[in-house]
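Throughout, a chain's letter reflects where its sequence line sits, starting with A, and its residues are numbered from 1. These numbers come from a predicted model, not from an experiment.
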Amino acid sequence: MNIYKLYFNYLIEALEKFKSDFKYSFKVDDILKKLTLEPPKNSINGDMSTNLAMILSKDLKLSPKIIANHLKVYILNFPDVANVNVAGPGFINITFKQHIWTDFISNLLQNIENWDKLEIGNGKNINIEYISANPTGPLHAGHARGAVFGDALASLLTEVGYSVTREYYINDAGNQIEKLVDSSLLRYNEQITNKTIDIPEGLYPGEYLKEVGKTLYEKYGDKLQLDDQKKVFEKVRSVSIEVIMEMIKNDLLKLGIKMDVFTSEKKIISGHLLNEIIKILESKNLIFYGVLDPPKGADAKNWEKREQLLFKSSQYGDDADRALKKSDGTWTYFATDMAYHLDKMNRTKGDLINVLGADHIGYISRINAAVSALSNGSVEIDTKVCALVNLLEDGKPMKMSKRKGNFVTLSDVVNAVGKDVLRFIMLTRRNDQSLDFDFKKVMEKSKENPVFYVQYAHARCKSIFRSSKVNEKELILKNPKRLKDVHEIELIKFIALWPRTLELAAKNHEPHRICYYLIELSSIFHSLWNKGKDNNIKFIVEDDLELTNARLSLVKVVALTIRKGLSILKIEPIFEM
RNA sequence: GCGCUCUUAGCUCAACUGGAUAGAGUAUUUGACUUCGAAUCAAAAGGUUGGGGGUUCGAGUCCCUCAGAGCGCACCA
């Protein structure tokens with residue numbers, strides 16, 4: 001039962017009645033687009049507030065206050081409304097009779113499984129591509145953010161009724177793979193000769209490739225390089241990728257992540273989809289041979305004038321047209337990526353989400369252009385950019401050298417702080433804001449560490465049940481009206497905001513909202529707990545079983561909501577600290 | 001040089017996508033343990049939302065402009 005949704009519907013009914021009573025001609029749908037019903041920032045303004053009068057003002061050519069006073073009459077007739085007043089520039093503020101909140105808790109407890117169920121997705125397919133790290137080595141710490149963000153978003157969208165595909169694009173083609181093969185071969189030769197080989201500049205020096213060398217040796221003995229060059233390359237390539245992807249999958253598993261689909265770039269290139277996109281683009285007259293402008297500024301030195309096959313992405317808001325073929329006649333990365341997006345669209349038959357690192361920001365508009373062009377604008381693509389993570393050790397930046405290969409790996413971080421802490425912290429910032437990850441702080445057991453703070457609130461809930469010797473699961477609320485204290489009502493009102501939070505998070509693809517909600521819920525709960533000291537609103541009142549029962553029910557709802565929020569983020573609740 | 005993104009309290013960040021007096025944490029000052037766990041809570045103080053202009057009933061949010069930071073800039077991936 002979602003109180004906000006319920007009263008939003010009442011509001012729509014009232015609007016239609018108002019329209020017909022006064023014979024107005026405004027379009028209800030246009031008004032609905034702008035209509036809000038939300039808790040006012042300041043609780044002095046009541047329980048809910050709507051902007052209805054203000055958005056009608058233009059169509060009706062009347063001042064918002066006059067309209068509000070007319071609407072007030074309708075709203076006063078809504079069930080359980082105690083008071084309606086018009087305030088500020090024309091807000092209509094509604095205050096409910098108190099029993100609406102206690103009834104709400106009572107209903108919630110009778111419908112624990114479904115009270116916050118939202119059907120936003122309605123089973124619609126959505127494909128979310130995230131991580132997609134190059135298969136040239138295990139994941140490093142920097143990958144954690146995109147990985148957790150994408151995974152939490154996938155989980156969130158599943159929760160609200162989408163059919164979600166979690167997808168990883170393997171960049172197993174191109175120059176970097178050649179370097180990888182060269183590096184792997186050196187490690188293979190190490191196996192044969194039993195001598196350490198210096199990895200030259202430009203190749204991958206990481207120790208992890210020793211495992212690739214070993215696997216090659218186990219598979220082919222010392223005869224591998226007797227074959228012709230092409231075949232050797234292919235064998236080494238496939239073993240390298242296989243071994244490294246296995247490492248990556250294990251890293252992800254440690255973070256609680258399991259992808260549904262892995263798509264290979266190489267397969268895209270060798271498939272028919274590239275021809276397909278050319279056909280589509282040709283039929284729309286979006287493709288031509290032309291010469292691009294040289295890049296302005298210092299980099300223009302190496303530029304040479306050349307006619308290329310181009311996609312008119314500038315017609316779709318990109319700032320330049322983009323090359324589809326390289327000078328050697330092979331496809332550009334972008335062309336392949338276009339084909340890959342067509343592949344995703346064909347499989348998904350729904351919308352797409354890409355999660356990228358901040359270093360790919362400049363790439364977004366051309367992919368958007370590609371998707372619009374290929375789908376005739378019928379497929380929505382949302383690209384979420386994850387900003388940088390600064391790894392700190394007690395406030396000081398950690399030193400990493402990519403060249404030497406001694407970066408902090410993702411699995412190092414998970415081993416140090418645990419998957420749940422890492423997941424939560426990665427979501428305590430909006431995705432587009434940079435984030436400080438301080439190894440010392442995230443392990444701290446204090447309010448400064450939000451994971452701990454939320455977990456502590458949950459543990460406290462459980463501690464109350466332990467002390468009261470009441471079984472949380474079997475608890476049945478007897479008399480909700482015993483919840484009277486303003487602080488209890490405040491907590492209930494905040495619980496009522498949970499479905500709204502879920503909805504906002506899901507619609508805007510912003511899982512961080514769940515974290516912030518849980519932190520605030522914990523704060524309200526900790527506060528209520530401490531009220532037990534001076535205001536005599538302890539949860540357990542020994543000579544009043546009915547009151548204890550009511551308060552324990554409230555505690556149960558808090559614990560349930562925290563667990564629900566954490567489960568969406570795929571974090572385990574802690575029962576005892 | 002061009003483009004994209006960002007700039008909110010001393011510091012780290014929110015702000016229901018255009019709503020009312022911009023909120024938390026931290027640091028500072030002060031107070032609360034005979035308790036169902038003080039790993040917590042309460043209170044004070046802290047702001048021209050980077051500067052300037054515009055759009056409108058109303059702007060941190062949209063548009064323009066300037067400044068600063070990050071990332072990217074034919075053919076790489």
Side-chain angles (χ1 to χ4, degrees), chain A residues 4 34 36 38-42 44-45 49 51 54-55 57-58 63-65 87-91 93 134 171 173-177 265 291-300 302-306 308 310 318-323 325-328 330 332-334 336-337 357-365 385 387-388 428-430 432-436 438 441 444-450 452-453 455-457 459-460 463-468 497 500-501 503-505 507-508 510 512-513 516 519-520 523 526-534 538-540 548 552 555 576-577:
Chain A
Y4 287 91
K34 289 186 266 179
T36 60
E38 50 192 35
K41 273 181 191 161
N42 193 334
I44 209 166
N45 289 320
S49 177
N51 63 354
M54 292 183 285
I55 56 178
S57 168
K58 205 169 245 173
S63 90
K65 286 199 171 184
F91 287 101
N93 297 326
N134 288 336
N171 294 125
N175 290 338
Q176 59 185 359
I177 297 304
E265 180 188 359
V291 178
L292 286 173
D293 291 334
K296 282 157 196 151
D299 287 346
N302 299 328
W303 187 85
E304 52 180 285
K305 198 172 172 177
R306 180 183 293 124
Q308 286 174 296
L310 300 173
D318 196 3
D319 36 68
D321 295 329
R322 302 293 173 181
K325 282 205 170 175
K326 293 187 242 174
S327 46
D328 64 2
T330 58
T332 60
Y333 179 82
F334 175 58
T336 317
D337 210 16
D359 51 340
H360 292 99
I361 279 182
Y363 191 70
I364 297 172
S365 48
V385 173
L388 217 72
T428 49
R429 293 281 175 276
R430 284 180 61 95
D432 50 11
Q433 291 279 352
S434 69
L435 174 134
D436 289 345
D438 192 316
K441 270 192 185 162
E444 231 164 72
K445 296 190 169 180
S446 78
K447 202 178 176 179
E448 247 199 281
N449 178 358
F452 169 78
Y453 189 72
Q455 293 283 23
Y456 185 38
R460 272 186 156 170
S463 147
I464 294 167
F465 280 99
R466 279 193 297 274
S467 305
S468 69
L497 284 175
R500 263 183 84 83
T501 304
E503 183 177 354
L504 276 167
K507 284 189 173 165
N508 297 309
E510 291 176 342
H512 75 275
R513 288 173 185 275
Y516 280 92
I519 293 167
E520 198 175 343
S523 164
H526 283 308
S527 172
L528 186 61
W529 173 289
N530 278 271
K531 293 263 175 359
K533 277 183 291 190
D534 28 54
K538 290 192 173 188
F539 296 107
I540 300 168
T548 302
L552 286 181
V555 174
E576 205 167 347
M577 305 300 293

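Residue contacts shown for A:D321 are absent, as no nucleic acid heavy atom lies under 4.0 Å away. Residue A:A387 is out of contact with every strand shown, counting any heavy-atom pair closer than 4.0 Å. Residue contacts for A:D319: at a heavy-atom cut-off of 4.0 Å it reaches the sugar-phosphate backbone alone, with no base atom in range. Within 4.0 Å (heavy atoms only), A:T332 reaches sugar-phosphate atoms of the nucleic acid but no base atom. Heavy atoms of A:E265 sit under 4.0 angstrom from primed sugar atoms or phosphate atoms, though from no base atom. If you check every strand for non-hydrogen atoms under 4.0 Å, A:L292 touches sugar and phosphate atoms only. A:S57 comes within contact range of no nucleotide atom at all, as no heavy-atom separation falls under 4.0 Å. Within 4.0 Å (heavy atoms only), A:P64 reaches no atom of the nucleic acid at all.
Taking only side-chain nitrogens and oxygens, A:W529 comes nearer than 4.0 Å to OP1 or OP2 of B:rA38. One finds a side-chain N or O of A:K326 lying less than 4.0 angstrom from the OP1 or OP2 phosphate oxygen of B:rA77. Checking the phosphate oxygens (OP1, OP2) of B:rA74, no side-chain nitrogen or oxygen of A:Y333 falls inside 4.0 Å.
Here A:Q433 pairs with A:R430 under the side-chain contact (heavy atoms from CB on, under 4.5 Å) rule; sequence neighbours left out. Legend: residues meeting side-chain contact (heavy atoms from CB on, under 4.5 Å) with A:K507, ordered by chain and number and at least two apart, are A:I120, A:E503. By the salt bridge (Lys or Arg N to Asp or Glu O under 4.0 Å) test, A:R460 pairs with no residue at all, sequence neighbours left out. The side-chain contact (heavy atoms from CB on, under 4.5 Å) check on A:D293 picks up nothing, with sequence neighbours excluded. Partners of A:E520 according to the salt bridge (Lys or Arg N to Asp or Glu O under 4.0 Å) rule, which considers only residues two or more places apart in sequence or in another chain, do not exist here. When the side-chain contact (heavy atoms from CB on, under 4.5 Å) test is applied to A:F91, the partners found at least two apart in sequence or on another chain are A:S49, A:M54, A:P89, A:N93.
B:rG31 and B:rG23: their P atoms are spaced 28 Å apart (whole Å). B:rA42 sits 49 Å from B:rG3 when the P atoms are compared, rounded to a whole Å. Atom C1' of B:rC76 sits at a distance of 43 Å from the matching atom of B:rA59, rounded to the whole Å. A gap of 28 Å separates the P atoms of B:rU65 and B:rA20, to the nearest Å. Comparing B:rA9 with B:rA45, their C1' atoms sit 11 Å apart, to the nearest whole Å. B:rC73 sits 42 Å from B:rA27 when the P atoms are compared, rounded to a whole Å. Annotation: B:rG18 and B:rG72 have their C1' atoms spaced 32 Å apart (nearest Å). Comparing the same atom, P, in B:rC63 and in B:rU7 gives a spacing of 14 Å after rounding to whole Å.
In this structure, NZ of A:K445 is placed 12 Å from P of B:rU40, rounded to the nearest angstrom. The separation between A:Y453 atom OH and B:rU40 atom P is 8 Å, rounded to whole Å. Rounded to whole Å, the distance from CD1 on A:I519 to P on B:rU40 is 13 Å. With rounding to whole Å, A:R322 atom CZ is found 13 Å from B:rG3 atom P. Rounded to an integer number of Å, the gap from A:D328 CG to B:rC76 C1' is 11 Å. Atom pair A:L528:CG and B:rA38:P shows a separation of 14 Å (rounding to whole Å applied). If you measure from atom NE2 of A:H526 to atom P of B:rA38, you get 11 Å, rounded to the nearest angstrom. The interatomic distance linking A:N42 (CG) with B:rG19 (C1') rounds to 14 Å, in whole Å.
For A:V555 against A:F539, the heavy-atom pair with the smallest separation is CG2-CD2, 3.5 Å. The two residues A:I464 and A:I540 make their nearest non-hydrogen contact at O-CD1, 3.9 Å. Across all non-hydrogen atoms, the minimal contact from A:Q455 to A:M577 is O-SD, 3.8 Å. Taking every heavy atom of both residues into account, A:V291 and A:K305 meet most closely at CG1-CG, 3.7 Å. The shortest heavy-atom contact between A:V385 and A:I364 is CG2-CD1, 3.4 Å. The two atoms that bring A:E265 and A:T336 nearest to each other are CG-CG2, 3.9 Å, heavy atoms only.
Panel note: side chain A:D319, backbone A:S365; no donor-acceptor pair is recorded below 3.5 Å. Within the 3.5 Å criterion, the main-chain N or O of A:Y333 finds no donor-acceptor partner in the side chain of A:D337. With A:Y516 contributing its side chain and A:T428 its backbone, the two residues share a donor-acceptor pair below 3.5 Å. Judged by distance alone, the side chain of A:S463 and the main-chain N or O of A:A459 form no donor-acceptor pair under 3.5 Å.
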Quick one: which protein N/O atoms are closer than 3.5 Å to N/O atoms of nucleotides 44-48 of chain B? Pair and distance per line, please.
none

Which atoms of nucleotides 63-66 of chain B (N or O only) lie under 3.5 Å from a protein N or O atom, and what are those distances?
none

Dump every N/O contact between nucleotides 26-31 of chain B and the protein below 3.5 Å, one line per pair.
none

Atom pairs, N/O to N/O, protein against nucleotides 69-72 of chain B, distance under 3.5 Å?
residue, atom, partner, partner atom, Å
B:rC71, O2', A:A358, O, 3.3
B:rC71, O2', A:D359, O, 3.4

- Message: Treating primed atoms plus P, OP1 and OP2 as sugar-phosphate and everything else as base, which nucleotides of nucleotides 7-18 of chain B get B, S or - for protein heavy atoms under 4.0 Å?
- Response: S----SSSSBB-

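When base pairs are accepted only as Watson-Crick or G-U wobble with both N-N or N-O distances under 3.5 Å, RNA chain B takes part in stems of 3 or more pairs at B:1-7 with B:67-73, B:10-13 with B:23-26, B:28-32 with B:40-44, B:50-54 with B:62-66.
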- Item | Test side-chain contact (heavy atoms from CB on, under 4.5 Å) applied to A:K538 and A:W529, step by step | CA-CA 7 Å; A:K538 290 192 173 188; A:W529 173 289; over 6 Å; no

- For side-chain contact (heavy atoms from CB on, under 4.5 Å), just list the numbers for A:Y456 and A:H526, CA-CA rounded to whole Å, side-chain angles, deciding distance to a tenth of an Å, and then say yes or no. CA-CA 9 Å; A:Y456 185 38; A:H526 283 308; 3.4 Å; yes

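Figure legend: cation-pi geometry between A:R322 and A:F334 absent, as NZ or CZ is not positioned both under 6.0 Å from the six-membered ring centre and within 45° of its axis.
Positionally, the nearest nucleotide of RNA chain B for A:I464 lies more toward the 5' end than for the other of A:I464 and A:N175. Projected onto RNA chain B by closest heavy-atom contact, A:M54 and A:S523 fall at different nucleotides, the more 5' of which corresponds to A:M54.
Glycosidic conformation, B:rU17: syn, with the torsion inside 90° of 0.
For A:K326, the NZ atom sits in a packed shell: over 12 heavy atoms of surrounding residues, nucleotides or ligands are nearer than 6.0 Å.
Here the side chains of A:E304 and A:S327 are not in contact, with every heavy-atom distance at 4.5 Å or above.
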